Amino acid sequence: MLATLRASTIRTAAGSAMALAALGVFVFALPGASRRRQASEKAALTAMADLKRQEDELKASQAEAERIRVDRKVLDDLLGDMPAEGVGDLHWKLSRRLFDLAGKHGVSLVSVKYGAPAREGAKGSALESVDVEFILFGIFKDLKAFMLALEGGRLPFAVVSAKLDEAPEGAHLTVVLRAFRRAPGLAGEEP
């Protein structure tokens, strides 16, 4: 009986030691492991978020680069199609186009005034602009058709302003266009 008591005491002592060891593991080791696991999961989530952000930035940069490439091609095509003739030739082409369209659309072209050529943008730019002001008389639908046909042409210009007024003769339209051409280079500049 003494042997069984001693065996029970040893088992109780061993069980208590194991229970204390388990309690020590629960108190000291598991919280540390849990914190490390949480930190690891948080780091993984942060890394995933950073990766997603970088992928989005890369896609945005690639889209921007593609847009710039397309815009550059359009600009190169536009500059390639832009006339490189003298100012007098540009005036002649514009006048001929304006008078042709006026006759075609039944409006009266009263006056055409040309400004002096001016360099566009920064020094070294190969573009010159010429402002052209003209006055038309006619009915509104004919003036509208004239402007739509003018905008559909291949001449490189922009409408700076257009003012429509009523007059006893009908509608009175004053338009200022800015026509562009490739200018000859100045000394030391490439056109």
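Throughout, numbering of the chain's residues begins at 1 and tracks the sequence. In this text the structure is predicted, and so the values were computed from the model without any measurement.
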Asks: Which pairs, with at least one residue in residues 61-72 and sequence neighbours excluded, count as a side chain to side chain donor-acceptor pair (under 3.5 Å)?
Replies: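 Found Glu64-Arg67, Glu66-Arg69, Arg67-Asp71, Arg72-Asp76.
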
Asks: Going from CG on Leu177 to CG on Leu150, what distance comes out if it is rounded to the nearest 0.5 angstrom?
Replies: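 These two atoms lie 5.5 Å from each other.
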
Asks: Quick one, Arg178 and Val130 - any side-chain contact, counting heavy atoms below 4.5 Å?
Replies: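 No, too far: nothing below the 4.5 Å cut-off.
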
Asks: With rounding to the nearest 0.5 Å, note down the distance linking CG in Leu98 to CZ in Phe134.
Replies: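 Here the rounded value is 5.0 Å.
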
Asks: Among residues at least two apart in sequence or on other chains, which ones pass salt bridge (charged side-chain N to carboxylate O under 4.0 Å, His left out) with Glu57?
Replies: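 By the salt bridge (charged side-chain N to carboxylate O under 4.0 Å, His left out) rule, Glu57 matches Arg53.
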
Asks: Which hydrophobic side chains are connected to Leu45, either touching it within the sub-4.5 Å cutoff or through other members that do?
Replies: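 Answer for Leu45: none, a lone residue.
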
Asks: Under 3.5 Å, sequence neighbours excluded: what are the donor-acceptor pairs made by side chains of residues 103-114?
Replies:
unit_1: Tyr114; atom_1: OH; unit_2: His91; atom_2: O; d: 3.0
unit_1: Tyr114; atom_1: OH; unit_2: Ser95; atom_2: N; d: 3.4
unit_1: Tyr114; atom_1: OH; unit_2: Ser95; atom_2: OG; d: 2.3

Asks: If the condition is salt bridge (charged side-chain N to carboxylate O under 4.0 Å, His left out), which residues does Lys59 pass it with, not counting sequence neighbours?
Replies: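 None.
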
Asks: How would you list, by chain and number, every residue that makes a side-chain hydrogen bond (donor to acceptor under 3.5 Å, both in side chains) with Lys163, sequence neighbours excluded?
Replies: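 In terms of side-chain hydrogen bond (donor to acceptor under 3.5 Å, both in side chains), with neighbours along the sequence ignored, Lys163 is linked to no residue.
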
Asks: Could you list the residues that satisfy salt bridge (charged side-chain N to carboxylate O under 4.0 Å, His left out) with Glu41, not counting sequence neighbours?
Replies: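 Testing Glu41 for salt bridge (charged side-chain N to carboxylate O under 4.0 Å, His left out), a comparison that skips the adjacent residues, returns Arg37.
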
Asks: If you group Ile, Leu, Val, Met, Phe, Trp and Tyr whenever their side-chain heavy atoms sit less than 4.5 Å apart, what else falls in with Leu51?
Replies: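 In the cluster with Leu51 there is nothing else; it is isolated.
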
Asks: With Asp100, which residues qualify under salt bridge (charged side-chain N to carboxylate O under 4.0 Å, His left out), at least two apart?
Replies: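 In terms of salt bridge (charged side-chain N to carboxylate O under 4.0 Å, His left out), with neighbours along the sequence ignored, Asp100 is linked to no residue.
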
Asks: List in chain and number order the residues that pass side-chain contact (heavy atoms from CB on, under 4.5 Å) with Ser40, two or more places apart in sequence or in another chain; answer none if no residue qualifies.
Replies: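 Testing Ser40 for side-chain contact (heavy atoms from CB on, under 4.5 Å), a comparison that skips the adjacent residues, returns none.
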
Asks: Among residues at least two apart in sequence or on other chains, which ones pass side-chain contact (heavy atoms from CB on, under 4.5 Å) with Leu164?
Replies: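 Here the qualifying residues are Phe140, Leu143, Ala171, Leu173.
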
Asks: Which residue pairs satisfy the salt bridge (charged side-chain N to carboxylate O under 4.0 Å, His left out) criterion with at least one member in residues 140-149, sequence neighbours excluded?
Replies: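 The answer is none; no pair qualifies.
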
